[in-house]
Amino acid sequence: MSGDHSHNEDQVDGGSRFNDSHKYKDKYKEKEHKHKDHKKDKEREKSKHGNSDHKDSSDKKHRDKEKMKHKDGSTDKYKDKHKEKRKEEKMKSIDGKVKKEKENGFASPLHLKSEPEDNFYHSPKHEKSLKRERDDDDAEFKPKKIKIENDKKAKKRKPEEDAKSKKTKNKKGEVADGKKKAKKEPEEKWKWWEEERYTDGVKWKFLEHKGPVFAPPYEPLPSNVKFYYDGKHMKLSPEAEEVATFFGKMLDHEYTTKDIFRKNFFKDWRKEMTPEEKAKITDLKKCDFNEMNDYFKAQSEARKAMTKEEKLQRKEENERLLQEYGFCIMDNHRERIANFRIEPPGLFRGRGDHPKMGMLKRRIRPQDIIINCSKDSKHPEPPPGTKWKEVRHDNKVTWLVSWTENIQGSIKYIMLNPSSRIKGEKDWQKYETARRLKKCVDRIRNQYREDWKSKEMRIRQRAVALYFIDKLALRAGNEKEEGETADTVGCCSLRVEHIKLYPENEGQEYVVEFDFLGKDSIRYYNKVPVEKRVFKNLQLFMENKEPDDDLFDRLNTSVLNKHLQELMDGLTAKVFRTYNASITLQQQLKELTSAEENIPAKILSYNRANRAVAILCNHQRAPPKTFEKSMQNLQTKIDAKRDQLSDAKRELKSAKADAKVRRDEKSKKSVETKKKAVQRIEEQLMKLEVQATDREENKQIALGTSKLNYLDPRISVAWCKKWGIPVEKIYNKTQREKFAWAIDMADDDFEF
DNA sequence: AGGGCAACTTAGCACAGGCGAC
DNA sequence: GTCGCCTGTGCTAAGTTGCCCT
């Protein structure tokens with residue numbers, strides 16, 4: 001009660017927020033523009049340095065200096081300092097970055113080829129991970145503890161024992177040694193949640209897989225599909241042609257009209273051209289990709305028009321690929337891999353206003369790939385005539401394959417499906433951590449309320465930020481490198497321009513208006529009344545600052561998480577999201593479900609509870625393109641059903657009258673049948689109406705994300721059991737596979 | 001302390017395929 | 001059997017967190 005403070009009132013009727021967000025759309029656009037301008041500056045700066053050998057940065061320095069002027073007011077800014085530093089560093093590092101990229105291998109394939117292949121045991125990575133081992137030991141304390149706390153069925157075993165026995169033991173008691181046995185296992189469902197967990201940072205003892213499936217090689221266009229430059233046909237080299245097709249495919253998309261997209265694309269495309277092509281093709285505007293576009297459209301039409309047999313064949317081929325590459329053997333069990341296909345090359349499309357949109361996403365080759373598997377497994381073979389970049393045997397990580405992507409230079413992984421033990425355990429553990437937070441959340445809330453009064457600025461900031469994270473379920477908000485990604489923020493990275501303070505607004509006191517772009521450039525818009533102390537603190541934090549200054553200049557995610565760690569073992573900012581999401585679902589289910597209602601109505605209640613969470617977490621979606629139409633269709637159906645109902649009622653009435661006169665068995669029976677018909681139609685009508693309500697309320701809200709990532713599945717399972725709802729009504733097949741552990745273990749009295 | 005990397009979770013969107021209505 | 005819509009799935013970008021190193 002006291003614990004679950006006030007979100008729900010604020011959040012549940014989030015409908016208004018979305019309506020608001022409509023109203024504010026225009027204003028928002030304006031804002032976006034403003035912001036863009038501001039960003040353009042930065043971009044200009046960036047590209048200056050990027051393209052040329054970093055000219056002088058005098059105008060930047062000037063700006064920075066100016067900033068300092070504003071800043072030297074009340075507080076010394078630890079964060080600003082490093083913000084500034086970051087900027088300078090970036091300029092300095094451009095040189096270094098290029099070099100680094102070469103080392104990583106995107107810029108210099110030759111270099112890569114010469115890398116020794118016998119690095120199984122000597123790779124620096126490997127050494128690193130060995131070093132890490134010891135630390136992991138302490139870290140692994142946690143799961144162990146959780147296990148004891150929460151899994152009564154688990155028997156304890158000592159770690160050393162574990163190593164051996166893990167190998168020999170499995171549920172059916174067969175002696176297994178890795179692959180051989182595992183393959184035999186028909187394995188009706190494996191209940192990994194009834195088994196021991198690794199406690200020493202080891203993620204597996206045995207891992208075997210077939211490696212990734214590469215993107216199909218480029219197929220040159222048929223000669224009748226032409227590219228025109230400046231109105232004249234031009235035959236492109238295969239390399240240039242391939243990249244051109246990436247653009248050609250996207251012609252219908254809005255982003256091929258965006259400046260940044262075009263600029264980035266053109267720059268990268270030119271790198272693939274022969275010198276002759278490069279000399280000739282100098283202006284993207286003069287390029288005509290239309291025939292390519294038509295060609296690909298025709299191809300996709302052809303695919304749709306394939307005969308049944310062809311489609312079946314395709315399906316079978318896919319299934320074969322899945323069976324061969326889509327599974328691995330991990331510790332005696334055949335487990336599904338999530339993404340065994342390597343991402344095909346194409347043009348990068350970041351979300352929101354991404355500075356790198358349109359850049360060429362390179363084709364990944366075997367020599368870019370790092371394989372991870374056990375030493376004693378059958379290693380995957382690279383395609384004939386090729387070599388892997390490296391094969392390593394690191395059982396402290398869960399991935400099977402990795403490569404470095406060329407847009408941000410980040411690492412991509414092939415990992416297991418959510419239904420796998422390794423993902424499931426982690427998921428379960430996440431909810432256990434959130435449940436531990438439940439036990440001490442009151443204490444933590446009291447603490448941060450105290451901290452609002454602290455003498456120290458950094459503590460006040462920390463406390464106010466934590467309050468937002470708790471009350472509004474904001475994300476932590478790491479700092480991001482400017483110019484590398486879209487300009488989005490989370491709690492710790494909020495800037496002054498993202499909030500507005502209203503001492504009084506629409507009859508409420510101390511209202512804060514949030515308006516910013518969060519993860520995936522999804523807009524967060526919310527007006528919330530806050531406590532006076534918070535309000536006053538915010539005023540203080542904003543004093544003498546520019547709109548683009550950090551609101552919490554003495555705070556970052558690392559500081560915050562360190563603090564949280566001290567408050568509770570395993571506590572981080574995102575645990576609040578999980579906790580608040582799950583507790584909200586539980587509460588809302590209690591509140592909204594009424595015993596008398598039938599199953600569709602109960603499911604509507606479930607969806608409403610789910611929706612409350614989605615609103616809390618700001619899980620939005622673009623209204624489906626067909627929304628209006630499908631809503632209309634549904635309405636037509638409802639109207640038809642209504643007519644049908646009144647017809648049925650009329651018939652019932654006359655049958656009754658008839659029966660009164662005749663008083664025979666036959667007419668009595670007729671009345672009964674008509675009665676039943678009316679009932680049935682009423683039910684159908686009701687179902688349709690419920691569906692309409694549900695859909696309308698769901699227009700811009702995505703339920704999937706919270707269902708999949710934030711809601712302890714045991715709450716839903718318990719609810720289903722309690723009310724006799726088949727769990728299939730709540731979870732589809734994939735979801736049931738992911739949550740098999742919860743479906744198996746939660747009883748109707750489960751309490752989050 | 002804080003930059004940077006590695007590993008892993010969370011996110012929305014596009015599109016195909018299946019299913020119900022006709 | 002065909003059509004159109006809805007759902008589920010795949011895809012991959014974009015976050016968070018923890019750790020190492022300097």
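None of these values were measured; they are calculated from a predicted model. All chains are named by letter (A, B, ...) in the order of the sequence lines, taking the proteins before the strands, and each is independently numbered beginning at 1.
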Ignoring the backbone of Lys315(A), work out which of dG18(C), dG18(B), dA14(C) is nearest its side chain. dG18(B)
Starting at the 5' end of DNA chain C and moving along, which residue's nearest nucleotide shows up first, Arg695(A) or Ile342(A)? Arg695(A)
Between dA14(C) atom P and Tyr524(A) atom OH, what is the distance in whole Å? 22 Å
Could you check how far CD1 of Ile370(A) sits from P of dA6(B), rounded to whole Å? 9 Å
Donor-acceptor pair, distance only, cut-off 3.5 Å: does the side chain of Glu456(A) make one with the backbone of Arg458(A)? no
Counting N and O atoms only, with roles assigned by atom type, does the side chain of Glu405(A) sit under 3.5 Å from a partner on the main chain of Ser410(A), one being a donor and the other an acceptor? yes
Does the side chain of Arg523(A) get closer than 4.0 angstrom to OP1 or OP2 of dG12(B) through an N or O atom? no
Does His619(A) place a side-chain N or O at less than 4.0 Å from the phosphate oxygens OP1/OP2 of dA11(B)? yes
Euclidean distance, Phe247(A) CZ relative to Leu360(A) CG, rounded to 0.5 Å: 13.0 Å
Would you mind telling me which residue lines up with the more 5' stretch of DNA chain B, Tyr413(A) or Lys304(A), judged by nearest nucleotide? Tyr413(A)
Any idea which of dA13(C), dG2(B), dA16(B) is nearest the Arg303(A) side chain? dA16(B)
What about Lys574(A), does its side chain sit under 3.5 Å from the base of dT10(B) through a donor-acceptor pair? no
Please figure out whether Tyr710(A) or Ser402(A) has its closest DNA chain B nucleotide nearer the 5' end. Ser402(A)
Taking only side-chain N and O atoms of Thr572(A), does any of them lie within less than 4.0 angstrom of OP1 or OP2 on dG18(C)? no
Can you tell which of dT9(B), dA13(C), dG15(C) lies closest to the side chain of Phe348(A)? dA13(C)
Could you state the CH2-P distance from Trp428(A) to dT9(B), rounded to the nearest angstrom? 16 Å
Quick check on dT9(B): is either OP1 or OP2 less than 4.0 Å from any side-chain nitrogen or oxygen of Lys423(A)? yes
